[in-house]
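Whatever order the structure lists them in is the order used to number ligands and atoms, beginning at 1. Quick note: numbers below take in every heavy atom, side chains included, and nothing from hydrogens, waters or symmetry partners.
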Amino acid sequence: MRRVYLDYNATTPLAPEVVQAMLPFLTEEYGNASSIHSVGQRARAAVEQARAQVAALIGAREKEIVFTSGGTEADNLAVRGVVEAAERPRKPESGKHVVTSTIEHHAVLNTCQALEAEGVAVTYVPVNSAGLIDPEEVRRALTPDTVLISIMHANNELGTVQAIAEIARIARGRKIPFHTDAVQAVGKLPVNVREWGVDLLSLSAHKICGPKGVGALWVRRGMRLKPLFFGGHHERDRRPGTENVPGIVGLGAAAELAGARRAEEAVRVKSLRDELESRILARVPHATVNGDRQQRTPNTSNISFEFVEGEALVIALDLKGIACSTGAACSAGAVEPSHVLTAIGLSPEGAHGSLRFSLGRQTTREDIDYVAETLPAVVEHLRELSPLYKKSVAAASK
Ligand SMILES: *Cc1c(COP(=O)(O)O)cnc(C)c1O
């Protein structure tokens, strides 16, 4: 049976070049990057090379890159680190305030919720039905006590892309630190922290054909940031703990590849995504695309299929060798409908009946042909089992 992986927004396969770069550091080059001897110094050199590779990908200075255990830790460090380091708000009796959005990844949302339990006020700026944030809404949400704005660049479920440079302008005008979760943007869209004018940016290796369990937070020079953990003086006192040398080397190699291939891959993947989408819409009735169809990452398509359960569809497609998802991987298995799909106004049923296809480096035209040919019958079969669907077909034919 053909195997087609269309779940790149959940995770990606390791690029062979990344495996090659990591291998020595999983075997003979086992040094601790803080050791003075030559084994240690070779590990240090590899970590610093990776830092340069990551910095180059996003237009940053090397010293501003903090390696973390992934996107989740980078988001936690950015949000909590800035809030905790912030000077007390202007009025001493009032609390600190954070502005974020309703469609953030749970790494940001749940950090904000934890801060709320500790007395921090949080405003969750809404999105429109296309999944886009109006920067003016961000401006209106600001108060004299706002100590952080955190708005993601590209959304993991819809692929929708926010006007980061515009929000950054608003943040700068008010001298409020601005963090963006760019985990789904890096490698898919041009990312340049200086052009955008943001202050902190999260990225993750395993979303760009690198290894799991490693990521980075870019922190603009001069930003006040309280660490999450306490220990040694690693990562300029921002993230203690012996460096994950093989992981960091893998992230560096993945970053370099992502930069070199981005423009070409974006065009290739977008054309495959658009073809898949239009073939599905042409063959499957009662199917609608979620999220803005222009302002989105080139690899993502989120489609609602009326009268079917997304989970049932994912399982039925898996039996045909096709891997895709409903909602986010982190909440797959949860009974709650996706917070992103309900935020754009879908009913719980609409949110439950949606699939996310996310393409990537190993996706081929043959993969797309196979999915486009296989999916309609799978949907039709599941719908035939649905009493709701039978009723609506009967009503339509009367
Ligand atoms: C995957 C993802 C994360 C979390 O990254 P991990 O490295 O898996 O912890 C954060 N934000 C977004 C938008 C993501 O897609």
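- Any N or O atom pair closer than 3.5 Å counts here, and Q184 shares at least one such pair with ligand 1.
- Tested against L313 for a side chain to side chain contact (heavy atoms under 4.5 Å, CB included), the candidates I322, D318, L382, T326 yield a single pass: L382.
- Within ligand 1, the atoms closer than 4.0 Å to a non-hydrogen atom of G70 are 7 (O), numbered from 1 in the order shown.
- Residues F305 and H286 place their aromatic rings such that the two centres sit no closer than 6.0 Å.
- Considering backbone and side-chain atoms together, E73 places no N or O closer than 3.5 Å to any N or O of ligand 1.
- For H153 (side chain) and V191 (main-chain N/O), no donor-acceptor pair under 3.5 Å exists by modelled atom type.
- Not a single side chain to side chain donor-acceptor pair (under 3.5 Å) links R169 to another residue, sequence neighbours left out.
- I170 is linked by a side-chain contact (heavy atoms from CB on, under 4.5 Å) to P135, R139, L142, counting only residues two or more places apart in sequence or in another chain.
- The part of D181 lying near ligand 1 is the side chain, judged by heavy-atom distances below 4.0 Å.
- The neighbour count for R2 CZ, taken as heavy atoms of other residues, nucleotides or ligands under 6.0 Å away, is above 12.
- Under a 4.0 Å criterion applied to the non-hydrogen atoms of K207, ligand 1 contributes the atoms 1 (C), 2 (C), 3 (C), 14 (C), 15 (O).
- Donor-acceptor pairing under 3.5 Å is recorded for the side chains of H233 and D237.
- Near M152, meaning under 4.0 Å from one of its heavy atoms, ligand 1 places the atoms 13 (C).
- Of the heavy atoms in S204, only side-chain atoms (C-beta onward) come closer than 4.0 Å to ligand 1.
- Listed by number with element, the atoms of ligand 1 under 4.0 Å from a non-hydrogen atom of D75 are 10 (C), 11 (N).
- For H206, every heavy-atom contact with ligand 1 shorter than 4.0 Å involves the side chain, none the backbone.
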